[in-house]
Colleague: 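My structure is below; once you've seen it, I'll send some questions.
When reading the values below, keep in mind they use all heavy atoms of this one structure, side chains included, and skip hydrogens, waters and symmetry mates.
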Amino acid sequence: MARNQGLQPPRGTRDFYPDELRLRSWLFGHFREVARRFAFEEVDAPIVEHADLFIRKAGEEIVEQLYHFELHGRHLALRPELTPSISRMVIARAGALRFPLRWYAIGQNWRYERMTRGRKREHYQWNVEVLGEPSVSAEAELIAAIFTLFDRVGLPTTAVRMRVNSRALLEETLRKGVLRDRPEAFEPLCVVIDKIDKIGAEAVTDLLTGEIGLSANEARTVVEGLAVRSLDEAAARVPDGSAAAAELRRLFELLDAYGVADRVAFDASVVRGLAYYTGVVFEAFDAGGTLRAVCGGGRYDGLIEQLGGPALPAAGFGFGDVVIQELLSDHGLLPELAREVEAVVFAVSEAERPAAVRTVRRLREAGRAAELVLGTPRLKRAMQDADRAGAREIWVIGPDEAARGVARVRDLESGEQRDEKLPDGRS
RNA sequence: GUGGGCGUAGCUCAGUUGGUUAGAGCGCCUGGUUGUGGUCCAGGAGGUCGGGGGUUCGACUCCCCUCGCUCACCCCA
């Protein structure tokens with residue numbers, strides 16, 4: 001309705017009606033349960049931050065698409081991701097924290113961009129971070145947590161595959177060349193390389209020689225290297241004794257111990273679009289290849305120091321709520337979730353309401369989800385409502401029952417009825 | 001930003017070469033007596049057919065503009 005456009009949420013944002021919020025809560029419940037089993041602690045931060053926290057100069061889209069505004073002379077922004085906020089929290093208390101930390105958060109992120117399937121302008125993200133651990137044991141733990149989540153929501157083991165690479169490996173190949181005198185060129189270089197699937201090898205080669213300043217030879221070597229899909233082959237392209245290659249080998253060993261190595265493959269084209277990644281990077285994709293990345297992450301050993309904190313190694317991933325729901329929908333795995341009302345208490349007339357209130361209080365104190373019918377509709381109506389709410393029982397208190405000091409309890413599944421004593425009136 | 005598709009009841013949609021009071025399913029409301037749900041039956045409410053303009057005796061139907069939604073490209077979480 002054009003007339004009612006003001007009633008629609010802004011483009012790319014969502015309302016969550018009860019059905020949709022139940023589904024979201026179901027998903028978040030799995031996020032939290034996996035995090036619990038992996039012994040991560042939940043944290044949270046404001047959705048609005050100082051814009052500076054997110055603004056970097058490597059040409060990332062995530063910065064260009066920032067929702068930001070000036071208010072009373074302050075430049076603020078809606079967070080586009082959670083990692084900077086968590087990093088900020090760590091820095092503020094770095095002196096009092098014991099590392100490594102295992103933290104996670106589930107929060108809404110904002111990015112002003114065009115929409116397609118699986119992408120909106122706001123989305124919730126499960127963000128899991130290991131802070132203060134330099135070894136790939138951190139990445140292995142993170143990747144294992146992701147697969148645990150996939151398994152829990154019912155996806156077959158073949159439905160999602162993880163692609164892994166290491167930016168450190170790429171950096172090693174350039175250390176004696178273009179990066180010798182200006183290591184700071186590495187971040188924008190990665191941002192450029194990340195575009196290869198979209199703008200093509202030639203355009204990336206042009207950008208590498210033009211904007212980044214590689215020689216034609218270096219650029220060609222880099223672009224060729226992106227096609228490599230074997231760790232051995234990739235390792236052969238870097239100097240002997242490559243630390244990055246050894247790390248990747250160790251990572252695959254550990255993933256084998258976690259039982260997920262066969263779902264993970266080396267892929268040199270994975271570099272991720274965020275500037276701050278420094279080491280292992282990874283992305284999970286649906287096997288059908290019809291959706292965008294389900295989740296992704298990697299190691300960012302320099303970010304915390306760049307933000308003004310100590311030199312603290314860190315790794316983490318972000319896992320959005322939108323793509324996974326699309327994927328589950330494609331697999332017919334979205335659950336039908338009903339309301340969780342257990343009992344409905346109904347006073348036939350206002351005279352019985354105090355007794356109904358005492359009754360519903362007792363049920364609630366016993367931990368049951370109990371709804372008190374607020375008006376005095378006909379019994380037929382109250383039962384219909386109870387039925388539709390999925391309640392197991394309706395407790396009816398009318399003049400007869402009140403006189404006998406009982407409630408008539410009907411089991412809505414079996415239709416059987418019994419009497420339950422009313423609580424006495426003194427409580 | 002580019003290209004395609006679509007905008008008809010709360011929801012999902014149908015609407016015959018433009019022709020009389022615009023339909024269905026689901027949902028909602030009422031009733032099938034007097035305090036009993038799910039099933040069934042019978043009724044009912046609800047739409048200026050996204051908005052504006054044009055063509056026509058006549059437009060939901062054709063044309064133009066506009067707004068919105070959506071998919072792909074693009075790009076990224």
Colleague: Would you say A/R378 reaches B/U36's phosphate, i.e. side-chain N/O to OP1/OP2 under 4.0 Å?
Modeller: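 No, because none of the side-chain N or O atoms of A/R378 sits under 4.0 Å from OP1 or OP2 of B/U36.
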Colleague: Kindly say whether, by distance alone, the side chain of A/R410 makes a donor-acceptor pair under 3.5 Å with the base of B/G37?
Modeller: yes
Colleague: Roughly, in whole Å, what's the span from CE in A/M383 to P in B/G35?
Modeller: 14 Å
Colleague: Reading RNA chain B from 5' onward, which residue's closest nucleotide shows up sooner: A/V348 or A/G118?
Modeller: A/V348
Colleague: Do A/E401 and B/G35 have a side chain to base donor-acceptor pair shorter than 3.5 Å?
Modeller: yes
Colleague: Would the distance check show the side chain of A/R404 and the main-chain N or O of A/A402 forming a donor-acceptor pair, the cut-off being under 3.5 Å?
Modeller: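 No, the answer is negative, given that no donor and acceptor are paired below the 3.5 Å cut-off.
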Colleague: Given the structure, check if the side chain of A/D387 and the base of B/G37 hold any donor-acceptor pair shorter than 3.5 Å.
Modeller: yes
Colleague: Both A/G320 and A/M115 contact RNA chain B. Taking the nearest nucleotide for each, which residue is further toward the 5' end?
Modeller: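 Mapping each residue to its closest nucleotide by heavy atoms, the 5'-most match is A/M115.
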Colleague: Can you tell me the distance, in whole Å, between the CD atom of A/Q125 and the C1' atom of B/C76?
Modeller: 11 Å
Colleague: Over how many whole Å does the gap from A/E416 atom CD to B/G37 atom P extend?
Modeller: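 My rounded result for the distance is 17 Å.
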Colleague: Expressed in angstrom and rounded to an integer, what is the separation of A/E352 atom CD from B/G35 atom P?
Modeller: 12 Å
Colleague: Given atom CD1 of A/I397 and atom C1' of B/G35, what is their separation to the nearest angstrom?
Modeller: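 My rounded result for the distance is 14 Å.
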Colleague: Would you tell me if any nitrogen or oxygen in the side chain of A/R388 comes within less than 4.0 Å of OP1 or OP2 on B/C28?
Modeller: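 Yes, because at least one side-chain N or O of A/R388 sits under 4.0 Å from OP1 or OP2 of B/C28.
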Colleague: Using the P atom in both, what is the distance from B/C41 to B/C26, to the nearest Å?
Modeller: 9 Å
Colleague: In the structure I gave you, are the side-chain heavy atoms of A/F319 and A/I324 within less than 4.5 Å of one another anywhere?
Modeller: yes
Colleague: Restricting both atoms to N or O, compile the protein contacts to nucleotides 43-46 of chain B shorter than 3.5 Å, with distance only.
Modeller:
none

Colleague: NA contact type, A/I394, heavy-atom cut-off 4.0 Å: base, sugar-phosphate, or nothing?
Modeller: nothing
Colleague: If the P atom of B/G44 is compared with that of B/C6, how far apart are they to the nearest Å?
Modeller: 35 Å
Colleague: Considering every strand shown, what is the Watson-Crick or G-U wobble mate of B/G43 when both distances are under 3.5 Å?
Modeller: B/C29
Colleague: Between B/C76 atom C1' and A/K120 atom NZ, what is the distance in whole Å?
Modeller: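 It is 15 Å, rounded to the nearest whole Å.
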Colleague: Which whole number of Å gives the distance between the C1' atom of B/G46 and that of B/G38?
Modeller: 26 Å
Colleague: Quick one: sort the A/F28 and A/F31 rings into parallel, tilted or perpendicular, breaks at 30° and 60°.
Modeller: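 The rings of A/F28 and A/F31 lie parallel, inter-plane angle below 30°.
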Colleague: Treating A/D267 as the side-chain partner and A/S269 as the backbone partner, does any N or O pair qualify as donor plus acceptor under 3.5 Å?
Modeller: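 The answer is yes, because a donor-acceptor pair under 3.5 Å joins these two groups.
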Colleague: Please determine if A/R263 and A/D151 form a salt bridge, counting it only when a charged side-chain N lies under 4.0 Å from a carboxylate O.
Modeller: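 Between A/D151 and A/R263 there is a salt bridge, with a charged N closer than 4.0 Å to a carboxylate O.
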Colleague: Does NZ or CZ of A/R121 fall inside the cone over A/Y112's six-membered ring, less than 6.0 Å from its centre and within 45° of the axis?
Modeller: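 Checked: cation-pi criterion met.
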Colleague: Could you tell me how far B/U61 sits from B/G7 if I compare only their C1' atoms? Round to whole Å.
Modeller: 14 Å
Colleague: Atom NZ of A/K380 and atom C1' of B/G31: how far apart are they, to the nearest Å?
Modeller: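 Taking atom C1' of B/G31 as the reference, NZ of A/K380 is at 8 Å.
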Colleague: Within this structure, what is the CG-to-P distance between A/D385 and B/G27, rounded to whole angstrom?
Modeller: 14 Å
Colleague: Assess the side chains of A/E171 and A/T173: does a donor N or O sit below 3.5 Å from an acceptor N or O?
Modeller: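 No - no donor-acceptor pair under 3.5 Å links their side chains.
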Colleague: P atom, B/C74 versus B/A14: distance in rounded Å?
Modeller: 31 Å
Colleague: Do you know which of A/V192, A/V204, A/I193, A/I212 makes side-chain contact (heavy atoms from CB on, under 4.5 Å) with A/V222?
Modeller: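 Single side-chain contact (heavy atoms from CB on, under 4.5 Å) partner of A/V222 among A/V192, A/V204, A/I193, A/I212: A/I193.
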Colleague: Across all strands shown, which nucleotide pairs with B/G3 by Watson-Crick or G-U wobble geometry, both distances under 3.5 Å?
Modeller: B/C71
